[in-house]
Amino acid sequence: MSDIRERIAGLNPRQREAVKYIDGPCLVLAGAGSGKTSVITTKIAYLIQECGMSARRIAAVTFTNKAAREMKERVSSMLPGKSGHGLTVSTFHTLGLNIIKSELKTLGLRSGFSLFDPEDARVLLRELMQKDAQVDADQINRVQGQISSWKNDLILPGPALSHAETEDEAFCARVYEHYTRHLRAYNAVDFDDLIMLPATMFERHPEVLAKWRRRIHYMLVDEYQDTNSSQYQLVRMLMAERSTFTVVGDDDQSIYAWRGARPENLVQLGEDFPSLNVIKLEQNYRSTAVILRAANTLIANNPHVYEKTLWSDKGLGESIRIIMTRNEEAEAERVATEILTARIKQSAKWKDFAVLYRGNFQARLLELKLQHYQIPYKLSGGTSFFSRNEIKDAMAYLRLLINPADDNAFLRIVNVPRREIGPTTLEKLANYASERRVSLFAACSELGLSHVLGEKAVERLGRFNHFLEAIRKRMDQGDAIAAIRQMFQEMDYEAWLVQNASAPAIAEKRMANVWTLVDQLEQSMHRGTEEGDEASEETDDVEAAISRLVLRDILDQQAQEDDTDKVQLLTLHASKGLEFPHVYVMGLEEELLPHRNSIEANTIEEERRLAYVGITRARQSLTLTLTKQRKVYGEMMDCTPSRFLDELPEEDLQWFGRPDKENPEQKHERGKEALAGLRSLLG
DNA sequence: AGGGCTAGGCTTTTT
DNA sequence: GCCTAGCCCT
């Protein structure tokens, strides 16, 4: 807990200015590795410690839970005692969720509302579209994407329909309208609503906005280049009067345009706030001069509103190596053996190496080679915990418990485990429910059901309803978590898993996943209670905790695993924000990086930024690889070296395996050399 | 209720 | 060329 003044004294002049400028709007253009997180965390501590601002009046916003968690930790380590109490450090979505939770009435929601993840939303969309036309798998995705981008632009269904230019768009808008109505009926919101609802509410209810402006006096936004339109509107509305905020970002690292990020928001800010103080952080504390020179010359090919050039005092460092191989197998092989030898030569650890690539498929071959050489590695990505079926089932139970109007959750689990409630019964139930305008779950216990359904069916539905109602009662009365555990036991969910699994061991694993989920729910509840965000009763805590679960805001169990000594395999996207002593970027070829679709869509600039992000991850050494041939969709294709290679400073590059007319033997010799070196090292 | 077949698609992905 | 989602068939 070092003194805040000391900490500020340790910053460079630009960083110090960024921390101490608090009287107006502030944009910090933070180049890669320029210590932006330090600036944000120190600034929060400075506001509290030196400027006497209450932590409760400060909100810092990030894009990922991980970043929010880390930032919170760093800030609280700088602050003495409880002075950080009440500080908000959260994702945009969690901030939106909290706003929604305190404005339920204005928004026309009831407490315990469900949060639909994109998969839930997709299921609902499919159902809605099936009525209209025949469903095309791809069509659902397109509609979902269109709705999402409308929501990102704060466009409601009405205007979406009236402004539709094509029949296709009009169709989407009609589905959007249905979708919105159904979400309302289910007392549910989706991820995009977490931003859109607060933003549109603030527009329509100035008195509510005024209240929130009194609550939040200073805002800090990390990764500002990743904000979309609705997020920007939210920040703008909250901060409009006071103009006290700091946003930190790097337009050169904007790589999420495809999911709605608007790097133009950086420019927009200057127009909306003419007094904006723009501070550039250009000193890089991460990489060698050679690496930065490559990064600078590459990105200079993109147009810039604010020019910036990274520099470091770390010395030139090694040349950048470019390795060209015969095919993708040789490429993977080469990367594996390079890491093997480099580790010994540099007496480095496995975790000092990262291999970056454009697409996840590129990792497959590499994995094989790494396994062959017994190199330990950690692969980022893969199937998420939350897309597992048992987790989706468990989540549906939780959702239905706190929100009986959630018909989607009901349909998912009413017959899981088997309760002999089939499609015919459900259809009749649905008709009855929609006539009486009640939820499916509520309809289950209505007496009138016996007019439309057989005795047995009525009995089964009633039993299901009573079962869950009993659990709900237990949750209200006492230990909610205990009641939830009991629920899974009483319905013998494990038996159902065993029945459905190919091996008992698999079922066991799945059941363990469910218990992990419940454990995390429990932990999340305790965390929420300790922080005492708002006065809340027990059930309110469960609701909040379940929402946090859906938002993936759970403790990272892989945290310890991250520290282990393994080579990191990541997509270029996933590498943003990280750094490694030795970085390999694979597949520097036209059609791959830049990606084929981006060439066609003419979004080369974003691909260039992607390459820029990859390059700037490296501290000490950088190796780029490419191949002459590669299998594309099963067909062997000749590859062209990426245009980005031509945009790097020739004098800093060291080529291996480049076909060279003057010296055709070169590649052969180099290859042999490398192999001989490897052999001698391996003994 | 589950498995097998076929067609289409094939970058990146957080909340 | 391979994978996966969704459909159909038993």
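- For A/N65 and B/dT15, the shortest distance from a side-chain N or O to OP1 or OP2 is below 4.0 Å.
- Between A/L610 atom CG and B/dT13 atom C1' the separation is 12 Å, expressed in whole Å.
- Atom pair A/N360:CG and B/dT11:P shows a separation of 12 Å (rounding to whole Å applied).
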> In dot-bracket notation, what is the pairing pattern of DNA chain B, taking Watson-Crick (N1-N3 plus N6-O4 or O6-N4) and G-U wobble (N1-O2 and O6-N3) contacts under 3.5 Å, with [ ] crossing and | for other strands?
Replying inline: ||||||||||.....
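- The base of B/dT15 is not paired with the side chain of A/R552 by any donor and acceptor separated by under 3.5 Å.
- Within the structure, a side-chain polar atom (N or O) of A/H595 is placed less than 4.0 Å from OP1 or OP2 of B/dT11.
- A/Y232 pairs by the ring pair (Phe, Tyr, Trp, His ring centres under 6.0 Å) definition with nothing, not counting sequence neighbours.
- The distance from atom CG of A/L592 to atom C1' of B/dT12 is 12 Å, rounded to the nearest whole Å.
- Salt-bridge check for A/R609 with A/D251: failed, with every basic side-chain N at 4.0 Å or more from each acidic carboxylate O.
- Proximity of A/R548 to the phosphate of B/dT15: no side-chain N or O atom is located under 4.0 Å from OP1 or OP2.
- Under a 3.5 Å cut-off, the side chain of A/N98 and the backbone N or O of A/L95 do not form any donor-acceptor pair.
- Scanning for side chain to side chain contact (heavy atoms under 4.5 Å, CB included) contacts around A/R259 gives A/Y256, with sequence neighbours left out.
- Evaluation of atom-type donor-acceptor distances gives a pair under 3.5 Å for the side chain of A/H573 against the base of B/dT12.
- Counting to the nearest Å, the P atom of B/dG9 and the CZ atom of A/R596 are 14 Å from each other.
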Pairwise N/O distances under 3.5 Å, protein to nucleotides 3-5 of chain C:
none

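- Contact check, A/T571 against B/dT11: no side-chain N or O comes under 4.0 Å of OP1 or OP2.
- Under the stacking criterion of a centre-to-centre distance below 5.5 angstrom and an interplanar angle below 30°, A/Y256 is not stacked against the six-membered ring of B/dT14.
- Every residue was checked against the ring pair (Phe, Tyr, Trp, His ring centres under 6.0 Å) condition with A/Y612, not counting sequence neighbours, and none meets it.
- Residue A/R609 contributes atom CZ, which lies 18 Å from atom P of B/dT12 at whole-angstrom precision.
- A straight line from CZ of A/F361 to C1' of B/dG9 spans 14 Å, rounded to a whole angstrom.
- The side chain of A/R418 approaches B/dG2 more closely than any other nucleotide in the set B/dT15, B/dT12, B/dG2.
- Between A/R142 atom CZ and B/dG8 atom P the separation is 15 Å, expressed in whole Å.
- Every ring pair (Phe, Tyr, Trp, His ring centres under 6.0 Å) that A/F410 has, sequence neighbours left out, goes to A/F464.
- In this structure A/E73 satisfies the side chain to side chain contact (heavy atoms under 4.5 Å, CB included) test together with A/R69, sequence neighbours excluded.
- Applying the side chain to side chain contact (heavy atoms under 4.5 Å, CB included) rule to A/A394 yields the partners A/F488, A/V514, A/L517; only residues at least two apart in sequence or on another chain are considered.
- Ring planes of A/W258 and A/H573: perpendicular class, angle over 60° (limits at 30 and 60°).
- Taking the 5.5 Å centre cut-off and the 30° plane limit, the aromatic side chain of A/W258 is classed as stacked on B/dT12.
- Atom CD1 of A/I599 is separated from atom P of B/dT11 by 12 Å (rounded to the nearest Å).
- Residues that satisfy the ring pair (Phe, Tyr, Trp, His ring centres under 6.0 Å) test with A/Y224, not counting sequence neighbours, are absent from this structure.
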